[in-house]
Undergrad: 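I'd like to ask some things about the structure below.
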Amino acid sequence: MKTDIQIAQETVMEPIAKVAAGLGIEADDLELYGKYKAKLSDELMDRVKDNPDGKLVLVTAINPTPAGEGKTTTSIGLAQALCRLNKKAVLALREPSLGPCFGIKGGAAGGGYAQVVPMEDLNLHFTGDFHAITSANNLLAAMLDNHIQQGNDLGIDPRQVVWKRCLDMNDRALRNIVVGLGSKADGMVREDHFVITVASEIMAVLCLADDMEDLKRRLGRMIVAYSFSGEPVTAADLKAVGAMAALLKDALKPNLIQTLEHTPAIVHGGPFANIAHGCNSVRATKMAMKLGDITVTEAGFGADLGAEKFFDIKCRMSGLKPDAVVLVATVRALKYNGGVPKTELSAENTDALKKGIVNLEKHIENLQKYGVPIVVTLNSFVTDTAAEVQYIEDFCKARGCEFALSEVWEKGGEGGIALAERVLCALEEKESHFKVLYEDNLSIREKIETIAKEIYGADGVTYSGAAGKELKRIEKLGMGDFPVCMAKTQYSLSDDQHKLGRPEHFTVNVREIYVSAGAGFVVAVTGAIMTMPGLPKKPAANNIDVDENGMITGLF
C-alpha cells in the first residue's frame, strides 16, 4: 500500500497559473512561489468583491480518537467530487503547523487520494506565513523588553507582562522560562513564556482581518502588559504596529495550490482549534466564495471546538453564513468511544457501536442549535461491516440528517460522489437558518456557561481565583461583549480527555482567562490544556528524512 507522501509525489501537478485560470484569475493576480504555489493579490480581491457569493459548506467532525476520523481528507475529497459533478468548487483550508508535523498528529494535507499538493511544501515552510507571524510576534516581545530596559516611560510592571514569545514547534522546555539573566545590560530578570505560533494572537488577528487597515488596527489593540497603575499597555503604545505590519504584508495574502485532481485550494492561516479559534482566514474564505459556486471549508478538531468557534467567532465577526455542515465520523472511532481498545476496532461490535454513537448524537444536537442543514458522512474503512454502517445511517436519518458513505481516501473524488450528492441535496432542498449560540450582550461568565452547558453537556463551570480576578478586569476594561474562545482538550466533550462518549454530571474548570483584544475575543483556558505542546516519546520527526536527490520521506 502506498503512503500518502508517495501518492502525492507521484501526482503530475498542473502549473498553478492553469489552476488559477479555471477560476478566472489572470497571471497578473498571482505572486508565484515556484510553479505550483502562489499568493493571490490584493487587487484580485478588489476586482471580485462585487461577485455574488457562492454557497459555504463547513466540514467538521466528532471528537478525534486514535482510530482516526479524516476531516481534512473528507473536505478535499468532497471538493474533488463536486468538481466531478460539474460544480465550480473551491477549497478553503488552514495551513499546517510544524508542531504536529514533527509531533504525533502529522501534517494537514489530507490523505490517500484526497490530498492537496505540493504536500511536502505545505506541511513544511510553504510560503513563509508562519515565519512572518513568528517574527512579528517576537519583534513585539523584543520591543517590549527593550522599552522596559530603556527607561520604561510607559511604567510597565514587569510582573504584569502578558505578551509571550512564540515558536512553531512543540517544545515543552520553553513553556516557562526566565529572561534577562546576566549583567544589567542584558535586561530585567523576569519570568517569561512561549506559546506555539498557531496560538499567537497575531495568528488570530491575521485570520480575522479584512485588509491591511483592519490588520494594523487589530495589531495596535493587542494588550502586551499592564502598567504599575493597572492600565493596559498595547502594541500601539510601543509604536510596534508599522514594523509588525511590514513583516506581515505578504502573509496577509491568501495562498493558492491544488488537490491531486487539480481542484483549486486556497490555504491560508492556521490557528489551533483546541487553544485558538481553529479556522482559516476570513480573507481566504471570502475570496473562495467570490471565485466559486461552492466553497468547502473546515474547522479544527471536533465540532465542540472547531465548529462552535467557526460559528460563534468567525461567522459572528465576518458576517459569513454557512449553508450546510458535513459532520465526519468513522465506525472505528464510534466503537472506540464505546470502550473498544484500538487493537480490537477491526472486529464487528454493534454493542460497542450503540454505546459509542452517543458522541455522534451529541454533535448532531449541537449543530442543530445553529440552524444549518447537516450531512453526516462515514469515512469508510475496509473493516466496516454492512450492519454497522446501516445502523449509523438509520440513526442519523432518524435525527433529520442526510447521510452518505465516503470513500475519498481510497478513490479520491470518485469516492465522494455519494457525499457530494447529499450535500447538493441539502444546499438545494433545505434552507439554512443560521444563528449564533449566544448574544453579545451576555456577560463573559454567561457565555462560558452557555458553551459549557449547551455544547459540552456540563452541569456548570468553576473558576480559579486568578481566572475570576482577570474576568473582572476584562469587564472593567469594557470588553465584556467579546465572544469567548474556549481552550479545551479536543479528545472529549468535557475538559478531561479520558471521558469519552457523551460525558454526564461533570463541571468545566476554567483555570485561566485572558483577553485577545486585537482578535476581539476572550480566551478561557480549561483543564490541563497547554498553549505550548510537547513532543511524544516517539515523535514523527524520527521517521522523516530526505535523500541525496532532495526527495522527502516520512511525512504524513
Undergrad: Using 30° and 60° as the class limits, which term best fits the ring planes of Phe434 and Tyr370: parallel, tilted or perpendicular?
TA: parallel
Undergrad: For the residue pair Thr263 and Gln80, confirm or rule out a side-chain donor-acceptor distance under 3.5 Å.
TA: no
Undergrad: In plain terms, say whether Asp210 and Arg283 are close enough for a salt bridge, that is, a side-chain N and a carboxylate O under 4.0 Å apart.
TA: no
Undergrad: Quick test of your reading of the model: are Arg422 and Glu402 salt-bridged, counting only N-O distances below 4.0 Å?
TA: yes
Undergrad: Of Ile266, Ile76, Val59, which is the lone residue that meets side-chain contact (heavy atoms from CB on, under 4.5 Å) with Leu93?
TA: Ile76
Undergrad: Under 3.5 Å, is there a donor-acceptor pair between the Asn379 and Thr74 side chains?
TA: no
Undergrad: Take atom CD of Glu428 as the centre, draw a 6.0 Å sphere, and report whether it contains more than 12 heavy atoms from other residues, nucleotides or ligands.
TA: yes
Undergrad: Are more than 12 heavy atoms, taken from residues, nucleotides or ligands other than Lys430, located less than 6.0 Å from that residue's NZ atom?
TA: yes
Undergrad: Could you tell me whether the side chain of Lys435 and the main chain of Lys369 form a donor-acceptor pair under 3.5 Å?
TA: yes
Undergrad: Output, in order, the C-alpha distance, side-chain angles, deciding distance and verdict of salt bridge (charged side-chain N to carboxylate O under 4.0 Å, His left out) for Glu10 and Lys2.
TA: CA-CA 10 Å; Glu10 290 175 3; Lys2 293 179 181 179; 2.7 Å; yes
Undergrad: Answer yes or no for Arg332 and Tyr336: cation-pi contact, defined as NZ/CZ to six-membered ring centre under 6.0 Å and angle to ring axis within 45°.
TA: no
Undergrad: Would you say that more than 12 heavy atoms from the other residues, nucleotides or ligands in this model lie under 6.0 Å from the CG of Leu405, or not?
TA: yes
Undergrad: Can you name the one residue among Thr526, Asn274, Asp495, Asp304 that meets side-chain hydrogen bond (donor to acceptor under 3.5 Å, both in side chains) with Lys488?
TA: Asp304
Undergrad: Looking at Arg502 and Glu365, does any basic side-chain N land under 4.0 Å from a carboxylate oxygen?
TA: yes
Undergrad: I'd like to know if the side chain of Lys309 and the backbone of Ala276 have a donor-acceptor N/O pair within less than 3.5 Å.
TA: yes
Undergrad: Write down the atom of Phe521, the atom of Cys485, and the distance for their closest heavy-atom approach.
TA: CD1-CB, 3.6 Å
Undergrad: Under 3.5 Å, is there a donor-acceptor pair between the side chain of Ser443 and the main chain of Glu446?
TA: yes
Undergrad: Of Lys249, Lys39, Lys253, Lys37, which is the lone residue that meets salt bridge (Lys or Arg N to Asp or Glu O under 4.0 Å) with Glu31?
TA: Lys253
Undergrad: Could you tell me if Glu298 and Thr60 have a donor-acceptor pair between their side chains, going purely by distance under 3.5 Å?
TA: no
Undergrad: Hydrogens and angles aside, do Asp481 and Asn441 bring a side-chain donor and acceptor to less than 3.5 Å of each other?
TA: no
Undergrad: For Arg84, is there an ion pair with Glu261 - N to carboxylate O distance below 4.0 angstrom?
TA: yes
Undergrad: side-chain hydrogen bond (donor to acceptor under 3.5 Å, both in side chains) for Glu120 and Gln9? Distances and angles first, verdict last.
TA: CA-CA 9 Å; Glu120 308 98 310; Gln9 289 172 342; 2.9 Å; yes
Undergrad: Got a salt bridge between Lys355 and Asp351, using NZ or NE/NH1/NH2 to carboxylate O under 4.0 Å?
TA: no
Undergrad: As a test of understanding, state which of Val326, Leu82, Val325 forms a side-chain contact (heavy atoms from CB on, under 4.5 Å) with Val57.
TA: Val326
Undergrad: Donor-acceptor pair, Lys290 side chain versus Val48 backbone, under 3.5 Å?
TA: no
Undergrad: Looking only at non-hydrogen atoms, find the nearest pair between Pro322 and Ser432 and report the distance.
TA: O-OG, 2.8 Å
Undergrad: CZ of Phe395 to CG of Leu334: how many Å apart, nearest 0.5 Å?
TA: 9.0 Å
Undergrad: Is it true that Lys397 and Glu393 make a salt bridge, defined as a side-chain N closer than 4.0 Å to a carboxylate O?
TA: yes
Undergrad: Would the number of heavy atoms belonging to other residues, nucleotides or ligands and lying under 6.0 Å from CD of Glu26 be above 12?
TA: no
Undergrad: So, Ser494 versus Ser492: side-chain donor-acceptor pair below 3.5 Å or not?
TA: yes
Undergrad: Would you kindly say whether Asp129 and Asn255 are connected by a side-chain donor-acceptor distance under 3.5 Å?
TA: yes
Undergrad: Measure from the side-chain N and O atoms of Asp4 to the backbone N and O of Gly112, and report whether any donor-acceptor pair falls under 3.5 Å.
TA: yes
Undergrad: Please determine if Asp440 and Arg316 form a salt bridge, counting it only when a charged side-chain N lies under 4.0 Å from a carboxylate O.
TA: yes
